[in-house]
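The next block holds one structure in the form of structure tokens; read it before the comments.
Reminder, nothing fancy here: chain letters follow the sequence lines and each chain counts from 1. Heavy atoms only: backbone and side chains are in, while hydrogens, waters and symmetry mates are out.
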Amino acid sequence: MKESYFPQEIEKKWQKIWEDNKAFHTPDNSDKPKYYALSMFPYPSGKLHMGHVRNYTITDVIARFKKMQGYNVLHPIGWDSFGLPAENAAMQHGADPAKWTDENIAYMTKQLKMLGLSYDWEREVTTCKPDYYKWTQWLFIQLFKKGLAYKKEAAVNWCEHCGTVLANEQVIDGKCWRCDNVVEKRYLSQWFFKITDYAERLLEDLDKLKGWGDNVKTMQANWIGKSKGAIFRFKVKEIEGLEVPVYTTRPDTVHGITYLVVAPEYKDIEKLTTAENKQAVEEYRANARKMSEIERLSTERIKTGVPLGTHCINPFTGEEFPLWTADYALVEYGTGAVMAVPAHDTRDFDFAKKYNLPIKVVIQNPENPSDCKDAAYTEEGILVNSNEFNGMKNTEAKEAITQKAVNEGFGEFKTQYRLRDWLISRQRYWGAPIPVVYCDKCGIVPEKEENLPVMLPTDVDFSVVGKSPITTSKTFEETTCPICGGKAKREMDTMDTFVCSSWYYLRYSDPKNTNLPFSKELVDNWLPVDQYVGGIEHAILHLLYSRFFTKALKDLGLLSFDEPFKNLLTQGMVLKDGSKMSKSKGNTVDPDEIFENYGADTARLFILSDSPPARDFDWSDAGVEGCYKFLNRVWRLVSDNQNNITKDYNLVFPLTRENDDLVRTVHMAIKGITNDIANDFQFNTVISKYRELTNAIYDWRGKKSDFSAEDKNVLSFAIISLIKLMAPVTVHMSEEIWHDLGYRSSIHSEKWCEWDDNLAKASKITLVVQVNGKVKDKIEADEGVNDEELKAIALSSEKIKELTAGKEIVKMIVVPKKLVNIVIK
RNA sequence: GCCCUUGUGGCGGAAUCGGUAGACGCGUUGGACUUAAAAUCCAAUCGGGGUUCUCCCUCGGUGCCAGUUCAAGUCUGGCCAAGGGCACCA
């Protein structure tokens, strides 16, 4: 064994051996129970960043730990390789997106291997390869046949910078999630997945996800946005047979309506506008169209609107009230029309104040009645001015009033969701083509399954501006109809990359299947994912889409489970000097440099050491240095003592006192480390326990001048246990030391260390003696003493005698083997 | 406005059940080794006060204010702050 630690040499050597031996290949058939550990797969952007390093290290340690615990572990990796950056590179540098992507994958693969990750490379999946996107297209067709994929004309989010539409989930604060440019509304015919059909199940099943954090679950619940209320239909006074339906969560306030608002884009708005009001309404609508989404949705903005000139009748009161249009009503939500009750809604109140509309109070707090002249009353209360409902609690009136509307035929109970259907078509080249053709005779027709994949054309011109490069292909658009065989045109849009990433974790179970995206047997065998690890930024997007896909594929009979990810760990960001690492701030740390200077084991150890995985992690050069020093310290511990370490050690009890203590310390470390990993993967405390154990062995060693046979056995036990406990983290160093100690097989196939509960505790206890809850003394006692003996020991302490002299002892509380509290008066 | 998460030394963070607050590390300070440096090792390190001063005693302390309890970082109620999510969603 070398005297000094040379990580670069060791790491290269073992990486090659593991690769040559296919050490991390996972068989489908095994007697062992399965465990599926998964990191969110990367976009091949070019180089790994520290966020990747953290993500993959966490999952790798979990995978290796579970393997040592006796599981058949599936730990795959792949590439989310469709998407705009490849296409932008093509446009800027004239590169071929496929080639650009391949080169990035090659480089990043090299980096992943340098990190010593235990991937089964035979299961690698790349979403931009035809053998993968064939099945993305096939799944699209299955969804289409089920009515879950459909095309419609709709107001959609358009990003001018990216030249494509976006899903609602990809618009953050009115801006594009990728380029941060302001998104505008356009009316376009686009492909959607009917995720709204699954709104209730997606919401309800969140309760099943015990292994997910509440933050992610509430984000999803908010996004789905379920609310319960009522639909009321109001007859229009001036137009026979025309009704305006509204959705409200406050049916209890229906007697307080003083006007009604429809969105500027409301479908019947032209019919509802009188000739005198037409010009003003048209102007208002034109203005609303021009406004950006951000401006329009700003809650800061003063509300505006114009009257339409027509009126509705409130069937509960017979009162007439005017119709207005105002852009605070949203066409996409509810019915696009709102009943306005200014007395009990702050938005309606502001609007009524501005336009001098009447305010009618119908809910009151009997203790402290308000006339609602200065502000809306939005709390609970008792109904007034509400005919037969007067005196009823408003919470009860909600149901009673809706029931009346149901009975009389002008309303119903209604549950409403905010979730909209998922817009999946993109006007871009580098994505999976939507496998659909347009035939003049047969209409919209899916491509025949045996013709899949619909290949991306390669004869395209990336220099075009203002349209998708795919439209420049001379071969792509013209095709024949799969039904009638006549001339037909292909769909020119490709799919959102989030479609590709919504099922990749299923493909890993059966990555080479050429007949199906995966066999039902294998997917049911491996899934659900036991531990998924990734960034919080996917809390809604990817995780919601994947849950939807799983449920839809279950309904299609392709698999048998309805949630894909049993446990989810959302790791925190990697920061430097308190802020997120980014190129623009110039505070990035290049993983390559760390590997080169310190080795992957140091990088792995450090990125796990300072913070629990879910929290943000502050990268510091001093911290890396500290971890490197620790590894050197461990190395020296072994190399300085190698003559006294034997792999065939044999502990014979009883041991001498000091040796007994060290053996107990090792057992405590095994127990503590195992429990810390089981308890939400607290790797930071795991690593502190590596250090404690190392310190304990050094202390023990410092007291020895020569070694007895027993000493050698105990030292061997301690050091070999330490190396094994560290193996999931410092994968190369542990393997090297293991072999230096004479073992032939890989440490990573070893069984995880076990502890004996009788030994995983100190032989002596420190009895804490409190008087009235304050610590007054600490006394060493034997581990086996009972409660009565502890009381006696406590009372025999000189200090305690002094403090209790002349006082009455009211009672004594004993915490077994720990503490005695003496209560005195 | 609503929802979620988090508040502990100079810093990152420990502390299964309510039972010794500050593990482990970083930083800092002092020391050993060395011609010197690097590396390594040893020691100290929450604050106030006291003292017979390398020992030791005492009071306070986990965002704030109350409460429950023999005992609260931990439980309950009410606040405050930071981060994140949603938001003219009727």
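In the set B:rC41, B:rC86, B:rA90, the nucleotide with an atom closest to the side chain of A:R636 is B:rC41. Checking B:rG85, B:rC70, B:rA15 against the side-chain heavy atoms of A:I540 singles out B:rG85 as nearest. Checking B:rG13, B:rC70, B:rU20 against the side-chain heavy atoms of A:V823 singles out B:rC70 as nearest.
Classification of A:K689 and A:D676 as a salt-bridged pair holds, one side-chain N sitting under 4.0 Å from a carboxylate O. With respect to A:D327 and A:K303, no salt bridge is recorded, no charged nitrogen being found less than 4.0 Å from a carboxylate O.
Pairing for B:rU6 goes to B:rA81, judged as Watson-Crick or G-U wobble with the two contacts each under 3.5 Å.
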Between the protein and nucleotides 1-9 of chain B, are there any N/O to N/O pairs under 3.5 Å, and if so, what are the atom names and distances?
unit_1: B:rC4; atom_1: O2'; unit_2: A:N215; atom_2: N; d: 3.4

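Heavy atoms of A:N632 sit nowhere under 4.0 angstrom from any nucleic acid atom. Within the 4.0 angstrom heavy-atom criterion, base atoms lie near A:R347. Contact annotation for A:V815: base contact, defined as any heavy-atom pair under 4.0 Å involving a base atom.
Contact annotation: A:Y333 reaches the phosphate of B:rA90 (side-chain N/O to OP1 or OP2, under 4.0 Å).
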Donor-acceptor pairs under 3.5 angstrom involving side-chain atoms of residues 209-216 of chain A: please list them, not counting sequence neighbours.
unit_1: A:K210; atom_1: NZ; unit_2: A:D207; atom_2: O; d: 2.9
unit_1: A:W212; atom_1: NE1; unit_2: A:F565; atom_2: O; d: 2.7

- request: Begin from the C-alpha positions of A:S227 and A:Y247 and carry the test side-chain hydrogen bond (donor to acceptor under 3.5 Å, both in side chains) through to its verdict.
  value: CA-CA 10 Å; A:S227 72; A:Y247 171 74; 2.7 Å; yes
